[in-house]
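Just so it is clear, the values below take in all heavy atoms, side chains as well, and ignore hydrogens, waters and symmetry mates. Just so it is clear: chains get the letters A, B, ... in the order the sequence lines come, proteins before strands, and each one is counted from 1.
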Number of protein chains: 2
Amino acid sequence: MKENLTIGAIARTSGVGVQAVRYYERRGLLLPDERKESGYRIYSREAVRRLRFIKNAQGLGFSLEEIGRLLRLSVGHKRQCARVRKQAQKRLEIVREKIGALQAIEKALQRLIRTCAARGTTWPCPILEGLGEQSR
Amino acid sequence: MKENLTIGAIARTSGVGVQAVRYYERRGLLLPDERKESGYRIYSREAVRRLRFIKNAQGLGFSLEEIGRLLRLSVGHKRQCARVRKQAQKRLEIVREKIGALQAIEKALQRLIRTCAARGTTWPCPILEGLGEQSR
DNA sequence: ATAAACTTTATATCTAAGTATAGAGTCAAG
DNA sequence: CTTGACTCTATACTTAGATATAAAGTTTAT
(Lines give C-alpha, C1' and ligand atoms only; values in the text may rest on other atoms or scores of the structure.)
Protein backbone atom coordinates (compact mmCIF):
# COMPACT_ATOMS: atom_id res chain seq x y z
CA MET A 1 0.00 0.00 0.00
CA LYS A 2 1.86 2.95 -1.39
CA GLU A 3 1.04 6.11 0.52
CA ASN A 4 -0.57 8.89 -1.41
CA LEU A 5 -0.41 11.85 0.88
CA THR A 6 -2.12 14.63 -0.99
CA ILE A 7 -2.14 18.17 0.23
CA GLY A 8 -5.55 17.70 1.79
CA ALA A 9 -4.36 14.64 3.68
CA ILE A 10 -1.34 16.27 5.30
CA ALA A 11 -3.31 19.41 5.99
CA ARG A 12 -6.01 17.44 7.77
CA THR A 13 -3.65 15.31 9.81
CA SER A 14 -1.71 18.40 10.85
CA GLY A 15 -4.67 20.60 11.53
CA VAL A 16 -3.76 23.34 9.08
CA GLY A 17 -5.56 24.62 6.03
CA VAL A 18 -4.70 23.51 2.51
CA GLN A 19 -4.01 27.10 1.59
CA ALA A 20 -1.61 27.41 4.48
CA VAL A 21 0.40 24.42 3.22
CA ARG A 22 0.71 26.04 -0.20
CA TYR A 23 1.64 29.26 1.54
CA TYR A 24 4.46 27.49 3.41
CA GLU A 25 5.63 26.12 0.08
CA ARG A 26 5.74 29.63 -1.39
CA ARG A 27 7.76 30.67 1.63
CA GLY A 28 10.17 27.82 0.91
CA LEU A 29 9.42 25.91 4.10
CA LEU A 30 7.79 22.76 2.81
CA LEU A 31 8.27 21.35 -0.66
CA PRO A 32 6.24 18.37 -1.85
CA ASP A 33 8.30 15.28 -2.51
CA GLU A 34 6.79 14.80 -5.90
CA ARG A 35 4.22 15.99 -8.39
CA LYS A 36 1.94 13.66 -10.28
CA GLU A 37 1.47 14.20 -14.00
CA SER A 38 -1.73 15.98 -13.07
CA GLY A 39 0.27 18.44 -11.01
CA TYR A 40 -1.04 17.15 -7.69
CA ARG A 41 1.42 17.54 -4.83
CA ILE A 42 2.49 14.31 -3.13
CA TYR A 43 4.06 14.36 0.32
CA SER A 44 6.02 11.84 2.38
CA ARG A 45 5.57 11.20 6.09
CA GLU A 46 8.78 13.14 6.56
CA ALA A 47 6.91 16.16 5.22
CA VAL A 48 4.26 15.66 7.88
CA ARG A 49 6.99 15.78 10.51
CA ARG A 50 8.31 18.93 8.93
CA LEU A 51 4.87 20.49 8.98
CA ARG A 52 4.53 19.58 12.65
CA PHE A 53 7.90 21.21 13.22
CA ILE A 54 6.59 24.40 11.65
CA LYS A 55 3.45 24.44 13.77
CA ASN A 56 5.29 23.61 16.99
CA ALA A 57 7.91 26.27 16.40
CA GLN A 58 5.17 28.77 15.61
CA GLY A 59 3.54 27.85 18.88
CA LEU A 60 6.78 28.82 20.60
CA GLY A 61 6.66 32.21 18.97
CA PHE A 62 9.09 31.65 16.12
CA SER A 63 8.18 33.54 12.97
CA LEU A 64 8.06 31.72 9.64
CA GLU A 65 11.23 33.60 8.76
CA GLU A 66 13.03 32.17 11.79
CA ILE A 67 11.57 28.75 11.18
CA GLY A 68 12.95 28.86 7.66
CA ARG A 69 16.39 29.57 9.09
CA LEU A 70 16.09 26.69 11.57
CA LEU A 71 15.04 24.33 8.82
CA ARG A 72 17.93 25.39 6.63
CA LEU A 73 20.30 24.82 9.55
CA SER A 74 18.94 21.31 9.85
CA VAL A 75 19.39 20.18 6.27
CA GLY A 76 23.18 20.25 5.89
CA HIS A 77 24.94 16.94 6.60
CA LYS A 78 26.57 18.74 9.51
CA ARG A 79 23.77 19.75 11.84
CA GLN A 80 24.72 22.98 13.43
CA CYS A 81 23.49 22.52 16.92
CA ALA A 82 25.26 25.53 18.35
CA ARG A 83 23.53 27.91 15.99
CA VAL A 84 20.19 26.33 16.64
CA ARG A 85 20.70 26.71 20.36
CA LYS A 86 21.64 30.33 19.82
CA GLN A 87 18.40 30.95 17.96
CA ALA A 88 16.43 29.29 20.71
CA GLN A 89 18.18 31.39 23.32
CA LYS A 90 17.52 34.58 21.38
CA ARG A 91 13.87 33.62 21.18
CA LEU A 92 13.84 32.89 24.90
CA GLU A 93 15.19 36.36 25.64
CA ILE A 94 12.54 37.97 23.48
CA VAL A 95 9.86 35.96 25.24
CA ARG A 96 11.20 37.09 28.61
CA GLU A 97 11.23 40.71 27.50
CA LYS A 98 7.63 40.41 26.40
CA ILE A 99 6.68 38.92 29.74
CA GLY A 100 8.36 41.83 31.51
CA ALA A 101 6.58 44.40 29.37
CA LEU A 102 3.23 42.73 29.93
CA GLN A 103 3.84 42.62 33.67
CA ALA A 104 4.46 46.36 33.64
CA ILE A 105 1.17 46.81 31.81
CA GLU A 106 -0.49 44.53 34.33
CA LYS A 107 0.72 46.72 37.19
CA ALA A 108 -0.41 49.93 35.50
CA LEU A 109 -3.87 48.50 34.88
CA GLN A 110 -4.13 47.24 38.45
CA ARG A 111 -3.22 50.67 39.74
CA LEU A 112 -5.84 52.35 37.55
CA ILE A 113 -8.51 49.90 38.61
CA ARG A 114 -7.59 50.23 42.29
CA THR A 115 -7.85 54.00 42.09
CA CYS A 116 -11.22 53.69 40.43
CA ALA A 117 -12.51 51.23 43.01
CA ALA A 118 -11.28 53.40 45.88
CA ARG A 119 -13.23 56.36 44.59
CA GLY A 120 -16.39 54.45 43.80
CA THR A 121 -18.55 55.28 40.84
CA THR A 122 -17.86 58.95 40.83
CA TRP A 123 -16.89 61.65 38.49
CA PRO A 124 -14.51 62.30 36.90
CA CYS A 125 -13.52 58.75 36.09
CA PRO A 126 -9.96 58.29 37.34
CA ILE A 127 -9.15 55.80 34.63
CA LEU A 128 -9.98 58.22 31.87
CA GLU A 129 -8.28 61.03 33.74
CA GLY A 130 -5.23 58.95 34.42
CA LEU A 131 -4.91 57.94 30.79
CA GLY A 132 -4.94 61.57 29.70
CA GLU A 133 -1.93 62.41 31.86
CA GLN A 134 1.40 63.31 30.42
CA SER A 135 3.48 60.18 30.70
CA ARG A 136 6.96 60.61 32.07
CA MET B 1 -1.72 85.08 21.56
CA LYS B 2 -4.33 82.81 20.09
CA GLU B 3 -3.02 79.28 19.78
CA ASN B 4 -2.81 77.85 16.35
CA LEU B 5 -2.20 74.18 16.87
CA THR B 6 -1.85 72.73 13.42
CA ILE B 7 -1.68 69.04 12.79
CA GLY B 8 2.10 69.15 12.63
CA ALA B 9 2.27 70.91 15.98
CA ILE B 10 0.18 68.41 17.90
CA ALA B 11 1.88 65.53 16.12
CA ARG B 12 5.30 66.84 17.11
CA THR B 13 4.42 67.53 20.74
CA SER B 14 2.82 64.10 21.07
CA GLY B 15 5.49 62.19 19.27
CA VAL B 16 3.27 60.71 16.58
CA GLY B 17 3.30 61.14 12.83
CA VAL B 18 1.05 63.57 11.00
CA GLN B 19 -0.39 60.69 9.01
CA ALA B 20 -1.19 58.88 12.21
CA VAL B 21 -3.21 61.85 13.49
CA ARG B 22 -5.23 61.89 10.28
CA TYR B 23 -5.62 58.16 10.63
CA TYR B 24 -7.05 58.56 14.14
CA GLU B 25 -9.45 61.10 12.72
CA ARG B 26 -10.61 58.63 10.07
CA ARG B 27 -11.11 56.13 12.87
CA GLY B 28 -13.27 58.68 14.68
CA LEU B 29 -10.91 59.07 17.63
CA LEU B 30 -9.73 62.63 17.30
CA LEU B 31 -11.60 65.37 15.46
CA PRO B 32 -10.03 68.79 14.93
CA ASP B 33 -11.81 71.59 16.74
CA GLU B 34 -11.99 73.71 13.65
CA ARG B 35 -10.98 74.03 10.03
CA LYS B 36 -9.59 77.19 8.56
CA GLU B 37 -10.97 78.37 5.21
CA SER B 38 -7.92 76.76 3.69
CA GLY B 39 -9.02 73.43 5.12
CA TYR B 40 -6.17 73.30 7.64
CA ARG B 41 -7.07 71.42 10.80
CA ILE B 42 -6.87 73.42 14.03
CA TYR B 43 -6.68 71.67 17.39
CA SER B 44 -7.15 72.78 20.98
CA ARG B 45 -5.00 71.79 23.91
CA GLU B 46 -7.82 69.45 24.89
CA ALA B 47 -7.13 67.59 21.66
CA VAL B 48 -3.51 67.17 22.73
CA ARG B 49 -4.76 65.57 25.94
CA ARG B 50 -6.98 63.31 23.93
CA LEU B 51 -4.09 62.31 21.74
CA ARG B 52 -2.04 61.54 24.83
CA PHE B 53 -4.92 59.43 26.06
CA ILE B 54 -4.82 57.45 22.85
CA LYS B 55 -1.08 56.84 23.07
CA ASN B 56 -1.19 55.95 26.76
CA ALA B 57 -4.04 53.53 26.30
CA GLN B 58 -2.23 51.96 23.38
CA GLY B 59 0.75 51.53 25.62
CA LEU B 60 -1.47 49.55 27.96
CA GLY B 61 -2.40 47.23 25.13
CA PHE B 62 -5.76 48.69 24.20
CA SER B 63 -6.56 48.52 20.50
CA LEU B 64 -7.80 51.62 18.69
CA GLU B 65 -11.18 49.95 18.59
CA GLU B 66 -11.27 49.66 22.38
CA ILE B 67 -9.90 53.15 22.79
CA GLY B 68 -12.72 54.44 20.64
CA ARG B 69 -15.20 52.74 22.94
CA LEU B 70 -13.53 54.25 26.01
CA LEU B 71 -13.61 57.70 24.46
CA ARG B 72 -17.25 57.38 23.54
CA LEU B 73 -18.01 56.33 27.12
CA SER B 74 -16.32 59.48 28.33
CA VAL B 75 -18.17 62.02 26.23
CA GLY B 76 -21.70 61.71 27.62
CA HIS B 77 -22.51 64.16 30.41
CA LYS B 78 -22.86 61.13 32.63
CA ARG B 79 -19.45 59.53 32.74
CA GLN B 80 -19.91 55.83 32.98
CA CYS B 81 -17.17 54.84 35.30
CA ALA B 82 -18.44 51.32 35.89
CA ARG B 83 -18.25 50.41 32.23
CA VAL B 84 -14.82 51.88 31.90
CA ARG B 85 -13.64 49.87 34.86
CA LYS B 86 -15.13 46.76 33.30
CA GLN B 87 -13.18 47.37 30.11
CA ALA B 88 -10.00 47.86 32.07
CA GLN B 89 -10.61 44.65 33.98
CA LYS B 90 -11.27 42.74 30.79
CA ARG B 91 -8.03 44.11 29.40
CA LEU B 92 -6.24 43.08 32.59
CA GLU B 93 -7.49 39.52 32.23
CA ILE B 94 -6.31 39.37 28.64
CA VAL B 95 -2.90 40.66 29.68
CA ARG B 96 -2.70 38.00 32.37
CA GLU B 97 -3.63 35.28 29.93
CA LYS B 98 -0.93 36.45 27.57
CA ILE B 99 1.59 36.38 30.39
CA GLY B 100 0.57 32.83 31.22
CA ALA B 101 0.89 31.70 27.62
CA LEU B 102 4.31 33.29 27.30
CA GLN B 103 5.47 31.67 30.52
CA ALA B 104 4.50 28.28 29.12
CA ILE B 105 6.52 29.07 26.02
CA GLU B 106 9.40 30.17 28.21
CA LYS B 107 9.39 26.82 30.00
CA ALA B 108 9.27 24.86 26.76
CA LEU B 109 12.20 26.80 25.34
CA GLN B 110 14.18 26.37 28.53
CA ARG B 111 13.60 22.64 28.41
CA LEU B 112 14.75 22.41 24.80
CA ILE B 113 17.86 24.46 25.49
CA ARG B 114 18.67 22.44 28.62
CA THR B 115 18.42 19.20 26.70
CA CYS B 116 20.68 20.59 24.03
CA ALA B 117 23.27 21.82 26.52
CA ALA B 118 23.24 18.48 28.36
CA ARG B 119 24.00 16.59 25.18
CA GLY B 120 26.65 18.97 23.90
CA THR B 121 27.19 19.71 20.26
CA THR B 122 26.07 16.36 18.98
CA TRP B 123 23.82 14.91 16.42
CA PRO B 124 20.91 14.79 16.00
CA CYS B 125 20.12 18.22 17.43
CA PRO B 126 17.64 17.72 20.26
CA ILE B 127 15.96 21.07 19.65
CA LEU B 128 15.15 20.28 16.05
CA GLU B 129 14.14 16.74 17.00
CA GLY B 130 11.98 18.05 19.79
CA LEU B 131 10.23 20.48 17.54
CA GLY B 132 9.34 17.72 15.11
CA GLU B 133 7.55 15.69 17.78
CA GLN B 134 3.85 15.13 17.77
CA SER B 135 2.43 17.53 20.29
CA ARG B 136 -0.09 16.16 22.71
C1' DA C 1 -20.85 7.59 -16.67
C1' DT C 2 -21.60 10.96 -13.76
C1' DA C 3 -21.50 13.45 -9.49
C1' DA C 4 -18.96 14.64 -5.42
C1' DA C 5 -14.87 15.67 -3.56
C1' DC C 6 -10.54 17.08 -4.40
C1' DT C 7 -6.70 19.67 -6.60
C1' DT C 8 -4.49 23.21 -9.65
C1' DT C 9 -3.02 28.26 -10.47
C1' DA C 10 -3.71 33.00 -10.00
C1' DT C 11 -5.48 36.77 -7.87
C1' DA C 12 -7.77 39.27 -4.22
C1' DT C 13 -8.94 40.00 0.42
C1' DC C 14 -8.33 40.25 5.52
C1' DT C 15 -6.46 42.41 10.14
C1' DA C 16 -4.09 46.36 12.57
C1' DA C 17 -1.99 50.34 12.64
C1' DG C 18 -0.15 52.87 10.29
C1' DT C 19 3.52 54.84 6.27
C1' DA C 20 4.41 56.49 1.48
C1' DT C 21 3.40 58.96 -2.53
C1' DA C 22 1.39 62.22 -5.86
C1' DG C 23 -0.38 66.44 -7.09
C1' DA C 24 -2.15 70.58 -5.48
C1' DG C 25 -2.83 74.40 -2.39
C1' DT C 26 -1.22 77.55 1.74
C1' DC C 27 1.55 80.05 4.95
C1' DA C 28 5.68 82.64 6.93
C1' DA C 29 10.22 84.62 6.33
C1' DG C 30 13.41 87.20 3.96
C1' DC D 1 7.58 87.88 -4.41
C1' DT D 2 9.66 83.88 -4.12
C1' DT D 3 11.35 80.00 -1.54
C1' DG D 4 10.75 76.48 1.69
C1' DA D 5 8.05 74.37 5.00
C1' DC D 6 3.74 72.98 5.78
C1' DT D 7 -0.95 71.10 4.72
C1' DC D 8 -4.73 69.18 1.90
C1' DT D 9 -7.05 64.87 -0.34
C1' DA D 10 -6.83 60.49 -2.32
C1' DT D 11 -4.80 56.35 -3.16
C1' DA D 12 -1.51 52.71 -2.61
C1' DC D 13 1.60 50.18 0.01
C1' DT D 14 3.55 47.84 4.28
C1' DT D 15 3.99 43.41 7.60
C1' DA D 16 2.71 38.59 8.76
C1' DG D 17 0.22 34.95 8.10
C1' DA D 18 -2.80 33.47 6.23
C1' DT D 19 -7.99 32.94 3.94
C1' DA D 20 -11.29 33.48 -0.04
C1' DT D 21 -12.56 33.13 -4.69
C1' DA D 22 -12.70 31.87 -9.58
C1' DA D 23 -12.21 28.93 -13.28
C1' DA D 24 -10.43 24.84 -14.65
C1' DG D 25 -8.77 20.01 -14.36
C1' DT D 26 -8.55 15.23 -11.68
C1' DT D 27 -9.82 11.41 -8.88
C1' DT D 28 -12.97 8.46 -6.49
C1' DA D 29 -17.30 6.39 -5.43
C1' DT D 30 -21.48 4.76 -6.91
Side-chain angles (χ1 to χ4, degrees), chain A residues 1-43 47 50-71 91 94 98 101, chain B residues 1-43 47 50-71 91 94-95 98:
Chain A
M1 84 289 201
K2 176 161 166 294
E3 297 203 81
N4 261 355
L5 290 173
T6 61
I7 193 167
I10 69 157
R12 224 174 299 112
T13 65
S14 305
V16 302
V18 165
Q19 311 275 4
V21 177
R22 293 203 193 99
Y23 176 70
Y24 297 151
E25 181 174 339
R26 276 209 302 291
R27 299 279 310 244
L29 301 180
L30 182 65
L31 292 165
D33 288 68
E34 198 191 333
R35 291 277 193 144
K36 290 175 100 165
E37 324 81 74
S38 61
Y40 276 30
R41 292 164 175 84
I42 299 298
Y43 297 89
R50 206 174 160 92
L51 187 48
R52 237 174 10 232
F53 179 101
I54 294 169
K55 298 315 283 181
N56 287 343
Q58 262 188 324
L60 292 179
F62 288 93
S63 67
L64 293 185
E65 179 63 31
E66 290 173 302
I67 292 169
R69 257 179 278 138
L70 286 174
L71 286 168
R91 174 54 39 197
I94 290 169
K98 277 191 191 166
Chain B
M1 85 292 199
K2 176 161 168 291
E3 297 204 80
N4 260 355
L5 289 173
T6 61
I7 194 168
I10 68 157
R12 226 173 298 111
T13 67
S14 305
V16 303
V18 164
Q19 311 276 4
V21 177
R22 293 203 194 100
Y23 177 71
Y24 297 151
E25 181 175 339
R26 276 208 302 290
R27 296 281 307 247
L29 300 179
L30 182 64
L31 292 164
D33 288 68
E34 197 192 333
R35 290 279 193 144
K36 290 175 102 164
E37 324 82 74
S38 61
Y40 278 30
R41 294 164 175 85
I42 300 298
Y43 298 89
R50 207 174 159 89
L51 187 48
R52 240 178 2 234
F53 179 100
I54 294 169
K55 297 315 282 181
N56 286 343
Q58 264 189 323
L60 292 179
F62 288 92
S63 67
L64 292 185
E65 178 63 31
E66 289 173 303
I67 292 167
R69 257 180 278 139
L70 287 173
L71 285 169
R91 175 54 41 196
I94 290 169
V95 167
K98 276 191 192 166

If you take any heavy atom closer than 4.0 Å to DNA chain C, which residues from residues 6-15 of chain A end up in contact?
T6(A), I7(A), G8(A)
Going 5' to 3' along DNA chain C, between which two nucleotides do contacts with chain B fall, using a heavy-atom cut-off of 4.0 Å?
dA17(C) to dC27(C)
Evaluate whether atom NZ of K55(A) has more than 12 neighbouring non-hydrogen atoms of other residues, nucleotides or ligands under 6.0 angstrom away.
yes
R35(B): partners by salt bridge (Lys or Arg N to Asp or Glu O under 4.0 Å), with sequence neighbours left out
E25(B)
Rounded to the nearest 0.5 angstrom, the CG-CG distance for L51(B) and L5(B) is 11.0 Å
Interatomic spacing from CD in Q58(A) to OH in Y24(A) - rounded to 0.5 Å
4.0 Å
Base, sugar-phosphate or nothing for R22(B)? Non-hydrogen atoms, less than 4.0 Å.
base
For R27(B), side chain to side chain donor-acceptor pair (under 3.5 Å) partners two or more places apart:
Y23(B)
May I ask you to test the L64(A)-I54(A) pair for a side-chain heavy-atom distance under 4.5 Å?
yes
DNA chain D contacts among residues 57-66 of chain A, heavy-atom distance under 4.0 Å:
Q58(A), S63(A), L64(A)
Give a yes or no on whether the backbone of L29(B) and the side-chain of R50(B) come within a donor-acceptor separation of less than 3.5 Å.
yes
DNA chain C contacts among residues 36-43 of chain B, heavy-atom distance under 4.0 Å:
S38(B), Y40(B)
Taking side-chain contact (heavy atoms from CB on, under 4.5 Å) as the test, write out the residues that go with A101(A), two or more places apart.
none
Under 3.5 Å donor-acceptor pairs involving side-chain atoms of residues 9-18 of chain B, not counting sequence neighbours:
{"from": "T13(B)", "atom 1": "OG1", "to": "A9(B)", "atom 2": "O", "distance (Å)": "3.4"}
{"from": "T13(B)", "atom 1": "OG1", "to": "I10(B)", "atom 2": "O", "distance (Å)": "3.3"}
{"from": "S14(B)", "atom 1": "OG", "to": "I10(B)", "atom 2": "O", "distance (Å)": "2.9"}

Considering residues at least two apart in sequence or located in another chain, which fulfil the side-chain contact (heavy atoms from CB on, under 4.5 Å) criterion with A47(B)?
L30(B), D33(B), Y43(B), S44(B)
What distance do E34(B) atom CD and R41(B) atom CZ have between them, rounded to the nearest 0.5 Å?
13.5 Å
NZ of K36(B) to CD1 of I42(B), rounded to nearest 0.5 Å, is 5.0 Å
Which value, rounded to the nearest 0.5 Å, describes the distance between L70(A) atom CG and F62(A) atom CZ?
5.5 Å
Residues passing the salt bridge (Lys or Arg N to Asp or Glu O under 4.0 Å) test with R91(A), sequence neighbours excluded, are E66(A)
For Y40(A), the side chain to side chain donor-acceptor pair (under 3.5 Å) test, sequence neighbours excluded, returns none
Can you pull the contact range of chain B along DNA chain D, 5' to 3', using atoms under 4.0 angstrom from its heavy atoms?
dC6(D) to dT9(D)
